There are 2 protein chains.
Amino acid sequence: MGRTAGRSPADTRRAVLDAAGDVIRARGVNASLDDIARHAGVSKGGLLYHFASKDDLIRELVRTLLEAFRTDIENRLDPTDNDPGRLTRAYVRALLAPLDDEVAARQSIALLALLTTIPEVAELVAADTDQLNAELYADGLPVDVMTLVTAAADGVSSAPLWGASIRGPEFRTLERRLIQITRQPELWESIPWS
Amino acid sequence: MGRTAGRSPADTRRAVLDAAGDVIRARGVNASLDDIARHAGVSKGGLLYHFASKDDLIRELVRTLLEAFRTDIENRLDPTDNDPGRLTRAYVRALLAPLDDEVAARQSIALLALLTTIPEVAELVAADTDQLNAELYADGLPVDVMTLVTAAADGVSSAPLWGASIRGPEFRTLERRLIQITRQPELWESIPWS
DNA sequence: GTCTATATAGCGATAGAC
DNA sequence: GTCTATCGCTATATAGAC
């Protein structure tokens, strides 16, 4: 039948990647190329013209997800904010933002966790994590403060993975206080730790 | 050939469950029954005598993991401690336990995260989470303090999923301070939040 | 660039011997 | 209680038409 009207090859590629995310999120490991292709509005043969193999498709999907996460953090950097903890604040905002859509958040994290089981993918993700962590450690905050804040943000963002609800107001409060601690690290450091 | 000398049916069952964990951790959820059986030292047919189907095996594996996690927390309850935050402290200890001697418990978390991509498993885990969360909310701490402490613990425990190392001394410091906050919630609550 | 049709392989599950 | 053999299904990937 040839090319679908109004859809460029790049559009098709993107449609397939989107469909891959949706279908794998929804059906888990059992998602087949046929399934993904149908959701993208192409045949399996059509899909395999754009991606040489399923591994190739997965690899591209992970690359896309990591890039989207990175871009999300960068978009949340406050341009008027040049103080220490600038990146850490953007990190907290990025991880706590999806609170509104718990299902999508849970599924995105589960998707990355699932994909991480492919050794090659695990290396990609770990490399990305190392890079981001290095930047967080160089963000100008005392290490113990940065560790607390990012750990708490990581915890909230991973909670939906276990089916926990994070809609309560206590999580909003937590977000505000984590941000505030990055602005005034002494609030944490001056606590009389025994 | 009959029963392998010195191995009871219960031993075989446990060996299969252990092997299932190992193989799925290494190869992902698509690991085949053949693979699992070989690692357990039985044939596929032998495995399927003990577990009616692959779904049944997965279900039992998850049940075992959840139970082990529960037991781990309970073992970390301080018998001499009857103050508010008692369970929260055990929870923090369980999640931040040193990597060296608690590798299995920690890997279980990563494995559970993987298995959560199976919808039926997600429901099992969510039910368990709800129960534990209810107990944490009833642990006698101010909600905001409990939320901070458990979020931070969750964050540290999920870090290995992304390939991050949590061996640095800052994580030990974090553990000590999280515990201390549960003992003196006013340390957190009396901070002059704007 | 996308389709249909098909080759090929691997998986879960069953049956029956021992 | 465990094995081997095999069935039936589904999935990936290829080939070739349009």
Side-chain angles (χ1 to χ4, degrees), chain A residues 1-62 111 114-115 117-121, chain B residues 1-63 114-115 117-121:
Chain A
M1 210 207 294
R3 183 184 303 175
T4 300
R7 191 151 99 172
S8 71
D11 287 340
T12 303
R13 250 186 94 93
R14 196 168 301 112
V16 169
L17 284 174
D18 286 348
D22 290 344
V23 172
I24 293 175
R25 269 189 285 264
R27 302 184 87 81
V29 227
N30 298 323
S32 68
L33 287 184
D34 216 1
D35 229 341
I36 294 167
R38 230 177 301 115
H39 272 75
V42 291
S43 68
K44 189 164 56 175
L47 185 156
L48 285 165
Y49 169 79
H50 292 281
F51 300 91
S53 68
K54 189 176 188 177
D55 278 0
D56 185 40
L57 172 62
I58 299 287
R59 205 179 306 118
E60 286 301 295
L61 177 58
V62 170
L111 174 58
L114 160 64
L115 297 173
T117 59
I118 303 165
E120 191 194 339
V121 170
Chain B
M1 210 207 293
R3 182 183 305 175
T4 301
R7 191 151 99 171
S8 71
D11 287 341
T12 304
R13 252 186 91 92
R14 196 169 301 112
V16 169
L17 284 174
D18 286 349
D22 290 345
V23 172
I24 291 174
R25 265 190 288 268
R27 297 216 189 318
V29 200
N30 280 325
S32 70
L33 289 181
D34 217 0
D35 224 344
I36 294 168
R38 232 177 299 114
H39 271 75
V42 292
S43 66
K44 188 162 60 171
L47 185 157
L48 284 166
Y49 170 80
H50 293 281
F51 300 92
S53 66
K54 188 177 186 179
D55 278 0
D56 185 41
L57 171 62
I58 299 286
R59 206 177 306 117
E60 284 301 294
L61 177 59
V62 170
R63 218 185 48 76
L114 291 184
L115 294 171
T117 59
I118 301 168
E120 190 195 340
V121 170

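Every value quoted in this text rests on a predicted model; they were computed, and no experiment measured them. Each chain gets a letter, A, B and so on, in the order the sequences are listed, and its residues count up from 1.
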Choosing from [options], which nucleotide comes nearest the side chain of [X]?
X: A:K54; options: D:dA13, C:dC11, C:dC3; answer: D:dA13
X: B:S53; options: D:dC3, C:dG1, C:dA13; answer: C:dA13
X: B:H50; options: C:dG1, D:dT2, C:dA13; answer: D:dT2
X: A:V42; options: D:dT2, C:dC3, C:dA13; answer: C:dC3
X: A:Y49; options: C:dT2, D:dT14, C:dA13; answer: C:dT2
X: B:K44; options: C:dG12, C:dT2, D:dT12; answer: C:dG12

Distance-minimising heavy-atom pair for B:I36 and B:A19
O-CB, 3.6 Å

For residues [X] and [Y], determine if any side-chain heavy atom of one lies less than 4.5 Å from a side-chain heavy atom of the other.
X: B:R7; Y: B:V42; value: yes
X: B:V62; Y: B:I118; value: no
X: B:R27; Y: B:D35; value: yes

Let me know the distance between [atom1] of [X] and [atom2] of [N], rounded to the nearest Å.
X: B:R7; N: D:dG1; atom1: CZ; atom2: P; value: 13 Å
X: B:D34; N: C:dA9; atom1: CG; atom2: P; value: 17 Å
X: B:R59; N: C:dG12; atom1: CZ; atom2: P; value: 15 Å
X: A:D35; N: D:dA13; atom1: CG; atom2: P; value: 16 Å
X: B:L47; N: C:dT14; atom1: CG; atom2: C1'; value: 14 Å
X: B:I36; N: C:dA13; atom1: CD1; atom2: C1'; value: 14 Å
X: B:N30; N: C:dA9; atom1: CG; atom2: C1'; value: 15 Å
X: B:L33; N: C:dG12; atom1: CG; atom2: P; value: 4 Å

Any base atoms under 4.0 Å from A:S43, or only sugar-phosphate, or nothing? Heavy atoms, all strands.
base

Could you check whether A:L48 gets within reach of a base, just the sugar-phosphate, or nothing at all, counting any heavy atom under 4.0 Å?
base

Using a cut-off of less than 4.0 Å, is there contact between a side-chain N or O of A:T12 and OP1 or OP2 of C:dG1?
no

Looking only at atom types and distance, does a side-chain atom of A:D18 sit under 3.5 Å from a main-chain N or O of A:A15, one as donor and one as acceptor?
no

